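Below you'll find the structure, written out as structure tokens, and then a few comments.
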Amino acid sequence: MKKILVTGGAGYIGSHTCVELLNVGKELVVIDNFSNSKPEVIDNIKKITGKDFKFYEIDYLDREKLEKVFEENEVESVINFAGFKAVGESVAKPVEYYINNVSGALVLLETMKKYGIKKFVFSSSATVYGDPEVVPITEDSEVGGTTNPYGTSKLMIEQILQDLYKSDNSWDIVILRYFNPVGAHSSGLIGENPQGIPNNLMPYIAQVASGKLKELSVFGNDYNTKDGTGVRDYIHVVDLAIGHVKAIEKIYREGKGLYIYNLGTGKGYSVLDMLKAFEKANNIEVPYKIAPRRPGDIATCFADPRKAEKELEFRTQKSLEDMCRDTWNFQKNLM
Ligand code: UD1
């Protein structure tokens with residue numbers, strides 16, 4: 001059977017997507033350079049699914065080694081998760097971010113072209129919408145106004161994909177704009193394990209709950225939202241992973257086109273909603289204080305999920321309680 005190449009398959013979203021693809025019987029070949037992940041993740045994907053796949057520890061910028069993967073495997077499509085993703089770090093290291101994210105995607109696309117493979121799924125982000133004028137955000141909303149190199153790199157790659165498709169419409173491309181991925185696999189074997197102090201809300205809450213960090217700083221309580229704290233569309237990472245399965249199935253079923261989908265639940269929750277839901281789901285206290293706004297943050301961001309519902313038959317299944325319980329279940333295994 002022909003294979004799906006997954007780049008960054010040991011990462012947070014990549015690993016959960018590998019599990020869901022294997023669960024529906026897809027054959028995979030996976031690459032990762034472990035720059036922000038660990039080899040155990042590959043073993044855990046195999047443990048969860050009871051399935052095997054070929055793995056290569058390589059950097060996707062390494063053209064020669066990447067070509068070897070295409071030589072040795074019958075690759076039919078590519079899902080690209082490889083890339084750097086820390087917003088703050090991207091401001092400090094723009095060159096590294098643009099090289100890794102943009103040049104990496106270009107090397108990958110060039111290699112795909114060389115081997116005549118034209119089915120591509122790309123991990124983008126709701127960050128490409130900048131500060132949205134209206135919510136819920138539809139895929140037709142204006143993009144731009146990104147405030148950091150990480151976000152801009154996503155926007156650039158989206159533009160490159162648009163240009164590529166214009167030049168050759170025999171490509172099948174799906175761009176998935178993720179809202180806020182949280183949670184972990186219910187086995188507790190894979191999840192989000194950021195290095196250093198987490199930037200994102202849920203990993204931070206989990207580390208406060210575990211006693212690793214003292215208290216959560218709630219960044220601003222004077223936004224124009226129901227309780228003054230920032231509102232986001234949190235999506236369970238297993239739902240998000242299933243979104244990729246739906247995207248690849250659409251490509252195989254219909255093909256020929258460039259499609260863009262929001263992957264979110266369509267529901268917005270505030271920082272305090274998340275904190276309280278976490279406390280309730282896990283029966284644990286999470287101390288917090290109100291702190292100043294974080295530069296670059298926006299008040300409200302949530303998806304209009306209807307296009308993915310209609311065209312991908314994608315509907316999120318997991319509840320806020322699942323997100324909180326699974327985050328904690330994974331965190332406890334790290335302690
Ligand atoms: C951030 C990135 C976004 C990226 C996404 C990946 C920014 C500006 N945006 O989104 O580009 O795609 O992560 O998941 O960094 N919060 C606190 N205290 C904390 C951490 C967060 O109050 O210690 C609040 C934030 O102010 C925000 C909400 O929690 O209102 C969610 O924050 P976060 O998890 O960092 O995600 P985003 O900022 O939405």
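Start at 1 and go down the list; that is how both ligands and their atoms are numbered. Keep in mind it's a predicted model, so treat the numbers as computed, not measured.
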Self-check item: Gap between atom CD1 of I79 and atom SG of C18 - 0.5 Å precision
Solution: 8.0 Å

Quiz item: Do the ring centers of Y97 and F84 come within less than 6.0 Å of each other?
Solution: yes

Quiz item: How about Y261 and H244: are their ring centroids closer than 6.0 Å?
Solution: no

Looking only at heavy atoms, is any part of [X] under 4.0 Å from ligand 1, and if so is it the side chain, the backbone, or both, or is it neither?
X    : value
S217 : backbone
Y178 : neither
L216 : side chain
N180 : side chain
Y234 : side chain
N200 : both

Tell me which one of [options] gets a heavy atom nearest to [atom].
atom                    : options               : value
atom 4 (C) of ligand 1  : Y150, Y223, Y288      : Y150
atom 21 (C) of ligand 1 : N148, V208, L201      : L201
atom 38 (O) of ligand 1 : R293, M274, R294, K85 : R294
atom 26 (O) of ligand 1 : D297, V218, T300      : D297

Practice problem: Start with the C-alpha gap between Y234 and Y269, add the side-chain angles, then the distance that decides, and say whether ring-ring contact (aromatic ring centres under 6.0 Å, His included) holds. | Solution: CA-CA 7 Å; Y234 296 92; Y269 291 107; 7.4 Å; no

Self-check item: Contact atoms of ligand 1, heavy-atom distance to N199 under 4.0 Å
Solution: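 Reading through ligand 1 atom by atom, the close ones are 20 (C), 35 (O).
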
Exercise. Under 4.0 Å from a heavy atom of T127: give me the atoms of ligand 1 that qualify, with their elements.
Key: 11 (O)

Looking only at protein heavy atoms, which one is nearest to [atom], and how far off is it?
atom                    : result
atom 27 (C) of ligand 1 : R232 NH2, 3.7 Å
atom 19 (C) of ligand 1 : F219 CE1, 3.3 Å
atom 3 (C) of ligand 1  : V87 CG2, 4.0 Å

Would you call [X] and [Y] a side-chain contact if the rule is heavy atoms closer than 4.5 Å?
X    : Y    : value
S123 : Y178 : yes
F122 : R177 : no
F81  : V6   : yes
F120 : L109 : yes

Self-check item: Cation-pi, Y252 ring and K119 (6.0 angstrom, 45 degrees)
Solution: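 Pair K119/Y252 does not count as cation-pi.
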
Quiz item: Has S125 got any heavy atom lying under 4.0 angstrom from an atom of ligand 1?
Solution: yes

Quiz item: Quick one: does Y269 get within less than 4.0 Å of ligand 1, heavy atoms only?
Solution: no

Exercise. Measure the acute angle between the ring planes of H16 and H185, then classify it against the limits of 30° and 60° as parallel, tilted or perpendicular.
Key: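 If you compare the ring of H16 with that of H185, the planes turn out tilted.
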
Quiz item: Which atom names give the shortest non-hydrogen contact between S153 and V102, and what distance separates them?
Solution: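 That would be CB-CG2, 3.9 Å.
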
Exercise. Evaluate whether atom NZ of K51 has more than 12 neighbouring non-hydrogen atoms of other residues, nucleotides or ligands under 6.0 angstrom away.
Key: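 More than 12 within 6.0 Å, yes.
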
Quiz item: Does Y204 reach ligand 1 with a nitrogen or oxygen that is under 3.5 Å from one of the ligand's nitrogen or oxygen atoms?
Solution: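 Such a contact does not occur with ligand 1.
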
Quiz item: Would you say F179 has any N or O atom under 3.5 Å from an N or O of ligand 1, going by distance alone?
Solution: no

